[in-house]
**Q** 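The following block contains the structure, expressed as structure tokens.
FYI, the numbering just counts along the sequence from 1.
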Amino acid sequence: IMTAIADPMVASAKLQAGEGDMWSDTGSVNDVLQLKEMGKFNFIQGPGYFNVVLFSDVDEASPLHELKVREAIEYAVDRPTMAQTLGQGLYEPFVQLASNTWPGYVKGYDPRPYNPDKAKALLAEAGFPNGFTLKILMGSGGTSNDVMSLFTYYLGQVGITVEPDIADLGRYFGAIFGRDKGGWDGLCFTASGINPDASDIFVHYGPNPMTFGTPNIWKSQAFIDYCNEAIDPKYNSAAEAMPKIQAAVKQAGEDCLFLPMWRSYEASVVWPYVHTEYPKIHGIIWHPENDWMDAH
């Protein structure tokens, strides 16, 4: 029996009281850390979500169309500190279009580590020595306010003023997923799923994305070509195509296609007598016949 409980405090209390065997889709980081401190539960960790800042950069009149500006923004943001602050040790900071647990990860590739001085120099080279103002679209709720505060601080340190655009979920998802009338002005903080076979590079960011289909994300021909090569029918498996997928990951970094931020924490909290692999594969694939509970 699965029961939907809207309030995470109630869900946590019921689990602790023995009124449930498993809590999936846990609440905040604080909820998870509190349960970890008790030392009596197991945590089945899933892949989490790829948190990212997207650029609206197709318009040649936008500062974001200039590669040096996008690079400056990446240099300006201290992603490890943001991930540590928001995730309290549970988030993995990103430096590329891949988690270090993902088969498409390019080992050792960190094109733009935190360097605000480099960011300022690039902005001056791009013709913006005094910075400029950008909007950032975010969905309401969750950690939006905390993300906004930190992001605003870091970009402010290099002269970029950030104006928040907090949208209801209808407008927000229409902007990032809409094809004909989608889009936003400036930046957009969002998240996407992480697939075990590296296919999410195509689902979310490839030549014909199923999710981020908005027309205002610029993609280089080199990136598109690598993606298309990786899905060539000549490959019999994702493993065979992985060198091309890794090439696409690196090209996305060279193009500064977007600003990778961190992998969020996703887990099911279970009593030790519960044995399950959910949600290790992003909740998309689940083999319940392999799940069982010891006598309790």
**Q** Would you check if Gln16 and Met38 make a side-chain contact, meaning some heavy-atom pair closer than 4.5 Å?
**A** yes
**Q** Report yes if the side chains of Gln96 and Val106 come closer than 4.5 Å at any heavy-atom pair, otherwise no.
**A** yes
**Q** Looking only at side chains, do Tyr205 and Ser192 share a donor and an acceptor under 3.5 Å apart?
**A** yes
**Q** Are any of the side-chain nitrogens in Arg79 or Glu74 under 4.0 Å away from the carboxylate oxygens of its partner?
**A** yes
**Q** Hey, are the side chains of Thr190 and Leu137 touching, using non-hydrogen atoms and a 4.5 Å cut-off?
**A** no
**Q** Taking only residues two or more places apart in sequence or in another chain, which ones pass side-chain contact (heavy atoms from CB on, under 4.5 Å) with Asp110?
**A** Val95, Pro113
**Q** How long is the straight-line distance from CD1 of Ile217 back to CD1 of Ile176, given to the nearest 0.5 Å?
**A** 9.0 Å
**Q** With a 4.0 Å cut-off, would you call Asp255 and Lys219 a salt bridge?
**A** no
**Q** Rounded to the nearest 0.5 Å, what's the gap from CZ on Phe151 to CD1 on Ile160? Could you check?
**A** 8.5 Å
**Q** Go through the side-chain N and O atoms of Asp291 and His275 and say whether any donor and acceptor fall under 3.5 Å apart.
**A** no
**Q** Do the side-chain N and O atoms of Asp59 and Ser62 include a donor-acceptor pair separated by under 3.5 angstrom?
**A** no
**Q** Is it the case that the side chains of Gln88 and Asn30 hold a donor-acceptor pair, with the cut-off being a distance below 3.5 Å and no angle test?
**A** yes
**Q** Can a donor-acceptor pair be found, under 3.5 Å and without considering hydrogens, that links the side chain of Asn195 to the backbone of Ala198?
**A** no
**Q** Could you tell me whether a side-chain N or O of Glu240 sits under 3.5 Å from a main-chain N or O of Asn236, the two making a donor and an acceptor?
**A** yes
**Q** For residues Pro243 and Ile245, determine if any side-chain heavy atom of one lies less than 4.5 Å from a side-chain heavy atom of the other.
**A** no
**Q** Between Ser149 and Asp146, does any side-chain donor sit less than 3.5 Å from a side-chain acceptor?
**A** no
**Q** On a heavy-atom basis, which atom in Ile136 and which in Cys188 lie closest, and how many Å separate them?
**A** CG1-N, 4.2 Å
**Q** For Trp184, does its backbone N or O pair with a side-chain atom of Asn216 as donor and acceptor, under 3.5 Å?
**A** yes
**Q** Cluster question for you: counting only ILVMFWY and a side-chain heavy-atom cut-off of under 4.5 Å, with indirect links fine, are Val52 and Val58 together?
**A** no
**Q** Check whether any side-chain heavy atom of Val270 sits under 4.5 Å from a side-chain heavy atom of Phe43, and report yes or no.
**A** no
**Q** Could you pull out the closest heavy-atom pair between Ser24 and Tyr278, with the gap in Å?
**A** OG-CE2, 3.1 Å
**Q** Report yes or no: does Gln157 contribute a side-chain atom to a donor-acceptor pair with the main-chain N or O of Ala76 at less than 3.5 Å?
**A** no
**Q** Keeping the roles fixed (side chain from Asp200, backbone from Val203), state whether a donor-acceptor pair exists under 3.5 Å.
**A** no
**Q** Can a cation-pi geometry be assigned to Lys36 and Phe41, taking NZ or CZ under 6.0 Å from the six-membered ring centre and within 45° of the ring axis?
**A** no
**Q** Quick one, Met261 and Val53 - any side-chain contact, counting heavy atoms below 4.5 Å?
**A** yes
**Q** Do any N or O atoms from the side chain of Arg70 and from the backbone of His65 form a donor-acceptor pair under 3.5 angstrom?
**A** yes
**Q** What heavy-atom pair brings Ala241 and Ala230 nearest, and what distance separates the two atoms?
**A** CB-O, 3.2 Å
**Q** May I ask you to test the Met82-Pro93 pair for a side-chain heavy-atom distance under 4.5 Å?
**A** no
**Q** Could Lys244 and Glu229 be called an ion pair, given the rule that one side-chain N must be under 4.0 Å from one carboxylate O?
**A** yes
**Q** Given 3.5 Å as the limit, does a donor-acceptor pair link the side chain of Tyr172 with the main chain of Met138, or not?
**A** no
**Q** Out of curiosity, Thr211 OG1 to His204 NE2, how far, rounded to the nearest 0.5 Å?
**A** 5.0 Å
**Q** Let me confirm one number: the CG-CG distance from Leu86 to Asn51, rounded to the nearest 0.5 Å.
**A** 9.5 Å
**Q** Is there a donor-acceptor pair under 3.5 Å between the side chain of Ser264 and the backbone N or O of Tyr49?
**A** yes
**Q** Within the distance-only criterion (no hydrogens, no angle test), does the side chain of Thr85 pair as donor or acceptor with the backbone N or O of Thr81 below 3.5 angstrom?
**A** yes
**Q** Hydrogens and angles aside, do Tyr273 and Asp21 bring a side-chain donor and acceptor to less than 3.5 Å of each other?
**A** yes
**Q** Is the backbone N or O of Asn100 less than 3.5 Å from a side-chain atom of Glu92, with the two atoms forming a donor-acceptor pair by type?
**A** yes
**Q** Can you measure from CH2 (Trp271) to CE (Met293) and round to the nearest 0.5 angstrom?
**A** 13.0 Å
**Q** Side-chain contact, heavy-atom cut-off 4.5 Å: Phe50 with Phe94?
**A** yes
**Q** If you apply the rule ring pair (Phe, Tyr, Trp, His ring centres under 6.0 Å), what do you find for Phe177 with Phe212, and how did you get there?
**A** CA-CA 5 Å; Phe177 293 152; Phe212 300 135; 5.8 Å; yes
**Q** Taking a hydrophobic cluster as the set of Ile, Leu, Val, Met, Phe, Trp and Tyr residues connected by side-chain heavy atoms closer than 4.5 Å, whether directly or through intermediates, do Leu150 and Leu134 fall within one such cluster?
**A** yes
**Q** As an exercise, state the distance from CG of Leu259 to CD of Glu71, rounded to the nearest 0.5 Å.
**A** 12.0 Å
